[in-house]
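For ligands, and for the atoms within them, numbers begin at 1 and follow the listed sequence.
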Amino acid sequence: MALAHDFVEPDAMAMRQLMGHFLTGVAVITTECDGERSGMTISSLTSISLEPPILMISLNFNTRTLDGVKGSGRFAASILGVKQESVARQFASRGGERFAEGSFDETPGGLPVITGALAQLECEVVSDHIIGDHHVFFGQVRHARDRKGAELVFNAGKFGSFHDFNHDAVPWVF
Ligand SMILES: Cc1cc2nc3c(=O)[nH]c(=O)nc-3n(C[C@H](O)[C@H](O)[C@H](O)COP(=O)(O)O)c2cc1C
């Protein structure tokens with residue numbers, strides 16, 4: 001789609017282009033249902049509440065991971081670092097065995113998470129909602145840990161890294 005200077009009612013392709021201006025991090029969502037593991041790359045991970053700690057994820061109807069999260073009522077999020085672009089691609093590819101390659105850790109509740117991810121969070125689904133062509137899940141974080149490192153970012157269909165202005169940190173008052 002050409003750059004739209006007039007307001008339009010966006011179709012799917014236009015929405016993708018428009019929201020490509022909103023840069024995000026990259027996470028892999030994983031779950032296990034009846035002994036079967038599934039997982040996929042997402043950019044829709046959002047922090048919704050701090051007390052209690054609740055994350056939101058939004059999964060397209062035609063993803064295999066959706067069935068796993070629905071069936072188990074649990075998911076884990078691995079927030080990827082800048083050196084993990086290949087993991088993001090592996091978990092976004094159509095078909096194929098996602099867990100055949102790579103290293104995985106286990107959360108205290110037994111869900112697989114990506115080794116070396118900057119943050120690993122295990123969540124229990126506390127609410128969900130079907131909206132448009134996606135199924136949205138709200139997960140309360142039960143177990144989490146993190147490590148230092150540079151985050152992988154996603155913008156306009158491409159992976160990259162983030163550079164701050166080296167200005168003072170923004171004071172965040174609760
Ligand atoms: C950077 C990136 C972000 C993505 N974010 C989402 C997302 O938030 N929700 C979604 O449903 N699919 C998202 N996808 C697409 C899925 O990763 C892709 O459809 C995947 O094959 C689904 O896996 P599954 O069918 O095995 O569950 C994203 C892909 C990429 C590369």
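For Glu124 and Arg142, the salt-bridge test passes: some basic side-chain N is under 4.0 Å from an acidic carboxylate O.
Atom-to-atom distance recorded for Phe91:CZ and Phe99:CZ is 4.5 Å, nearest 0.5 angstrom.
Within the structure, side-chain hydrogen bond (donor to acceptor under 3.5 Å, both in side chains) contacts touching residues 90-118 (residues at least two apart or in different chains) are Asp105-Thr115, Asp105-Gln120, Asp105-Arg145, Thr107-Glu122. The list of side-chain hydrogen bond (donor to acceptor under 3.5 Å, both in side chains) pairs with a residue in residues 27-47, not counting sequence neighbours, reads Thr31-Ser72.
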Compile the donor-acceptor pairs under 3.5 Å between side chains in residues 50-60 and protein atoms, sequence neighbours left out, one pair per line.
residue: Asn60; atom: OD1; partner: Asn62; partner atom: N; Å: 3.0
residue: Asn60; atom: OD1; partner: Asn62; partner atom: ND2; Å: 3.4

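Protein residues with a heavy atom under 4.0 Å from ligand 1 are Met40, Thr41, Ile42, Ser43, Ser44, Ser58, Leu59, Asn60, Thr63, Arg64, Thr65, Phe91, Ala92, Ser93, Arg94, Arg98, His134, Phe154, Phe159.
Residue-environment remark: CZ (Phe22) stays at or below the threshold of 12 foreign heavy atoms within 6.0 Å.
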